[in-house]
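Here the structure comes first, spelled out in structure tokens, and everything after it is commentary.
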2 protein chains.
Amino acid sequence: MKFEAVTIKDIAKALGLSTSTVSRALRDSYEISAETKQLVLECAEKLNYKPNPIALSLKEKRSRSIGVVVCEIANNFFSQIINGIESIAYDKGYNVIVAQSRESYEREVIDLQFLASRSVDGLIISLSTETTDLTHIKTLHDRGMPIVLIDRITDEIDTHKVITDSYKGVYEATEHLIKNGFKRIAAIGGSEFLSITNERLAGYHDALKANNLSFSKEYVQHCFYGGMVFSEVEEAMNKLLTLKRKPDAVITTSDKLTTGCLKTLKRRGLHVPNDIAIIGFSNSDIMELFDPPLTYIRQPAEEMGRDATELLLQLVESKRPIKEFEKRVLSPKLVIGSSSRKQ
Amino acid sequence: MKFEAVTIKDIAKALGLSTSTVSRALRDSYEISAETKQLVLECAEKLNYKPNPIALSLKEKRSRSIGVVVCEIANNFFSQIINGIESIAYDKGYNVIVAQSRESYEREVIDLQFLASRSVDGLIISLSTETTDLTHIKTLHDRGMPIVLIDRITDEIDTHKVITDSYKGVYEATEHLIKNGFKRIAAIGGSEFLSITNERLAGYHDALKANNLSFSKEYVQHCFYGGMVFSEVEEAMNKLLTLKRKPDAVITTSDKLTTGCLKTLKRRGLHVPNDIAIIGFSNSDIMELFDPPLTYIRQPAEEMGRDATELLLQLVESKRPIKEFEKRVLSPKLVIGSSSRKQ
DNA sequence: TTTATTTACGCAATCGATTCCGTATTTTAA
DNA sequence: TTAAAATACGGAATCGATTGCGTAAATAAA
């Protein structure tokens with residue numbers, strides 16, 4: 001029992017015109033006289049005519065909507081990105097369809113196929129942790145689908161990208177720890193296949209080197225699901241805590257890893273920062289309420305979403321194919337709490 | 001430069017059949033011979049045919065998609081709800097289009113119009129804080145659009161509803177405080193126009209009465225934007241703290257209010273729970289990391305989302321109009337921390 | 001053998017909007 | 001006054017898939 005919307009036919013019938021004339025009048029075609037236009041416009045207004053976007057999509061092969069694939073919505077970082085995407089899309093008259101891969105390659109493939117078949121005009125993608133084979137995205141890209149990669153990117157696809165300078169973020173965080181007197185700094189990262197993991201760990205590595213601290217492999221742990229699975233984090237933490245040369249600080253490279261570590265430490269009755277200091281990535285607004293208030297690396301998530309959307313809509317609305325792509329690198333912010341300073 | 005998908009026509013051409021035969025063969029119609037079906041199916045497989053959902057939407061006036069309107073995505077409670085919605089919708093082959101009202105009545109109206117015009121098959125709505133006039137929703141509902149209200153509901157619309165028993169949640173929380181020796185318990189709620197605010201405050205009120213504590217109006221503060229605007233919370237808290245008879249505990253009725261209050265207290269250098277105890281609503285997973293670990297009321301958000309979606313799809317897929325509606329009331333959980341017990 | 005009934009398929013309309021053509025009428029130019 | 005050009009509009013195809021209706025051929029019943 002669906003309601004019947006007013007169509008162009010209703011206007012045509014009401015005015016004794018053809019649908020073509022009405023259509024042209026509404027689009028202000030030069031072929032239509034001023035009086036007829038006036039009549040049609042008034043009638044459309046009166047009947048509260050709204051063009052049917054589905055019919056338009058079918059005809060024009062565009063839908064004025066963009067698809068977004070992220071691993072999870074219920075995550076501050078990504079929900080803030082979506083906020084950013086939505087704000088720009090909304091202004092430009094696009095609507096946003098969000099899909100979650102939940103870190104699964106399989107779901108990412110299905111999601112993208114689904115979005116493509118609903119003829120979204122473009123895609124903003126943050127790769128799932130499981131994704132190593134990129135053919136599903138390459139195929140879309142090759143067929144001309146505008147794509148912007150955000151946060152978790154890949155070199156294999158040549159398109160616009162938006163990231164934060166996580167190398168710098170972690171580099172600064174590591175130096176901050178070193179300046180505060182920590183010497184045995186460990187790191188817990190996400191999947192080794194993720195661009196961001198490696199970049200972040202590189203920042204950690206280089207900061208150690210630059211400060212004449214030795215880099216030790218056993219100080220670097222990986223959690224494949226980036227903290228989505230708590231046991232993973234627990235295990236990584238345990239490995240670090242049972243080392244002969246126990247670390248005095250740890251850096252975590254994602255939101256979930258950060259809170260996972262903190263939980264593990266708390267449950268083990270360890271004190272931050274006296275037993276072990278910590279700096280992690282986070283996009284939560286309530287880190288100051290933690291015990292102790294956390295020092296964290298915050299990414300400009302909303303801005304990333306906005307930038308990605310602007311770049312995407314450039315691609316979508318461009319007349320000629322674009323060959324020159326931009327990699328936009330935003331700066332993270334180190335928010336100083338007291339989890340990184342000996343008490 | 002959009003890619004051309006394989007259509008039913010391509011199959012027809014390849015096989016020298018008519019499009020109607022192909023269509024019927026794909027839908028396994030009795031009118032088509034087994035051999036032809038076989039041929040068509042094989043060919044469709046080979047060409048990687050995918051039906052065009054937009055064409056289907058136009059024809060069938062349904063889109064196998066549902067619209068969701070919430071005030072904000074970047075909020076644990078709502079993103080968990082969306083998670084729940086998505087999981088069911090995904091299983092049943094529906095896709096989910098999310099829109100944010102950002103607590104604005106105007107945006108809610110626009111969002112709903114937009115979703116309706118994209119012919120979503122149904123809507124899951126959580127009212128914005130500003131919404132007092134419900135004609136935009138009533139209009140859709142009267143025209144037969146299946147609607148499920150979630151969390152922030154209204155009596156004015158007769159349809160399925162999914163809520164948590166926040167009365168009970170707050171009642172229990174209040175009693176918990178009373179049992180722990182608190183006597184001057186205040187409350188900070190959201191907008192007075194919101195169903196949930198009043199229900200929650202009723203729970204507070206009744207628990208006081210039942211325990212022979214006096215109810216005082218000055219102990220109840222309202223924040224119109226439910227904590228979205230921090231200054232609002234600060235002001236409410238300040239009012240409470242400057243009362244002659246200063247409260248020794250406070251209950252906050254939403255996620256944002258809870259964290260807002262905690263921030264205010266922390267910034268003022270007040271200690272929880274010694275200076276003032278607190279129990280608040282929250283759907284965050286990291287309350288145990290707070291200083292002190294928070295006692296909070298947690299709503300089964302994912303389950304709410306799942307339930308709402310199941311109810312909605314019942315409406316959507318029902319042959320006859322449904323006249324009997326269900327109000328599903330789920331139970332919140334009181335998670336005990338140490339913000340509610342004197343030290 | 002003739003008629004009735006299946007079987008298996010094609011034609012064309014439909015959904016809503018756009019747009020290429022064609023054309024009657026009016027206006028302008030020759 | 002007549003031919004050319006501009007104006008203003010309608011008809012019909014199109015996008016992709018579905019479906020009511022019509023029908024030729026094959027089969028079954030009389």
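Proteins come first, then strands; the chains are lettered A, B, ... in the order of their sequence lines, and each starts at number 1. Just so it is clear, the model here is predicted, and its values are computed rather than measured.
- Checking D:dC15, D:dT19, D:dG10 against every side-chain atom of B:Lys9, the shortest atom distance belongs to D:dC15.
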Can you check each nucleotide of nucleotides 23-28 of chain C against protein heavy atoms at under 4.0 Å and return B for base, S for sugar-phosphate only, - for none, in 5' to 3' order? ------
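- Within the 4.0 angstrom heavy-atom criterion, base atoms lie near B:Leu58.
- Of the possible polar contacts, none joining the B:Ser23 side chain to the B:Thr19 backbone as a donor-acceptor pair under 3.5 Å is found.
- Heavy atoms of A:Leu56 sit under 4.0 angstrom from primed sugar atoms or phosphate atoms, though from no base atom.
- Remark: A:Lys50 pairs with A:Asn48 by the side chain to side chain donor-acceptor pair (under 3.5 Å) rule, at least two apart or across chains.
- Atom CG in A:Asp10 sits about 11 Å away from atom P in C:dC15, given to the nearest Å.
- Out of C:dT18, D:dA17, C:dA17, the shortest distance to the side chain of A:Asn52 is found at C:dA17.
- A side-chain contact (heavy atoms from CB on, under 4.5 Å) with A:Cys43 is found for exactly one of A:Leu47, A:Val40, A:Leu41, namely A:Leu47.
- Under 4.0 angstrom from either OP1 or OP2 of C:dC9 there lies at least one side-chain N or O belonging to B:Ser33.
- Within the 4.0 angstrom heavy-atom criterion, base atoms lie near A:Arg24.
- Regarding A:Ile54, its CD1 atom lies at a distance of 15 Å from the P atom of D:dA17, rounded to whole Å.
- In terms of phosphate contacts, B:Thr7 brings no side-chain nitrogen or oxygen within less than 4.0 Å of OP1 or OP2 of D:dG16.
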Using nucleotides 25-28 of chain D, report all nitrogen or oxygen pairs with the protein that are shorter than 3.5 Å.
none

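- For B:Thr154, the side-chain contact (heavy atoms from CB on, under 4.5 Å) partners are B:Leu127, B:Leu134, B:Leu149, B:Glu156, B:Ile157, not counting sequence neighbours.
- For D:dG16, the OP1/OP2 oxygens have no side-chain nitrogen or oxygen of A:Lys59 closer than 4.0 Å.
- Applying the side chain to side chain donor-acceptor pair (under 3.5 Å) rule to B:Asp91 yields no partners; only residues at least two apart in sequence or on another chain are considered.
- Here the P atom of nucleotide C:dC20 and the CZ atom of A:Arg27 are 12 Å apart, to the nearest Å.
- A:Thr21 meets the side-chain contact (heavy atoms from CB on, under 4.5 Å) test with A:Leu17, A:Ser18, A:Ile32, A:Thr36; sequence neighbours excluded.
- Going from atom OH of A:Tyr30 over to atom P of D:dC9 covers 13 Å, rounded to whole Å.
- Listed by first and then second residue, the ring-ring contact (aromatic ring centres under 6.0 Å, His included) pairs that reach into residues 27-70 of chain B come to none, sequence neighbours excluded.
- Side chain B:Ser20 to base C:dC11: a donor-acceptor pair is found below 3.5 Å.
- At a threshold of 4.0 angstrom between heavy atoms, the contacts of B:Leu26 with the nucleic acid are absent.
- Using a cut-off of 4.0 Å between Lys/Arg side-chain N and Asp/Glu carboxylate O, B:Lys37 and B:Asp28 are scored as salt-bridged.
- At whole-Å resolution of the value, CG in A:Asp28 and P in D:dC9 are 13 Å apart.
- Contact check on A:Arg152 versus A:Glu103 returns a salt bridge, with a Lys/Arg side-chain nitrogen under 4.0 Å from an Asp/Glu carboxylate oxygen.
- Of the candidate nucleotides C:dC11, C:dA17, D:dT18, D:dT18 has the atom nearest to the side chain of B:Glu60.
- Within the 4.0 angstrom heavy-atom criterion, base atoms lie near A:Ser23.
- Here A:Leu17 lies in heavy-atom contact (under 4.0 Å) with sugar-phosphate atoms only.
- Each ring-ring contact (aromatic ring centres under 6.0 Å, His included) pair with one or both residues in residues 82-130 of chain A, not counting sequence neighbours, appears once here: A:Tyr105-A:His136.
- One interatomic measurement links the two molecules: CD1 of A:Ile8 to P of D:dT14, which rounds to 19 Å at whole-angstrom precision.
- Taking A:Lys161 as the reference, nothing meets the side chain to side chain donor-acceptor pair (under 3.5 Å) condition, with sequence neighbours excluded.
- Residue B:Val22 is the one, among B:Ala55 and B:Val22, whose nearest nucleotide of DNA chain C lies closer to the 5' end (criterion: closest heavy atom).
- Counting to the nearest Å, the P atom of D:dT18 and the CD atom of B:Glu31 are 14 Å from each other.
- For B:Glu302, the side-chain contact (heavy atoms from CB on, under 4.5 Å) test picks out B:Gln80, B:Asn83, B:Arg306, with sequence neighbours left out.
- Atom-to-atom, NZ of A:Lys61 to P of D:dT14 comes out at 13 Å; the value is rounded to the nearest Å.
- Near-neighbour residues of DNA chain D inside residues 35-51 of chain B, defined by a heavy atom below 4.0 Å, number-ordered: B:Tyr49, B:Lys50, B:Pro51.
- With sequence neighbours left out, the salt bridge (charged side-chain N to carboxylate O under 4.0 Å, His left out) criterion links A:Glu326 to A:Arg328.
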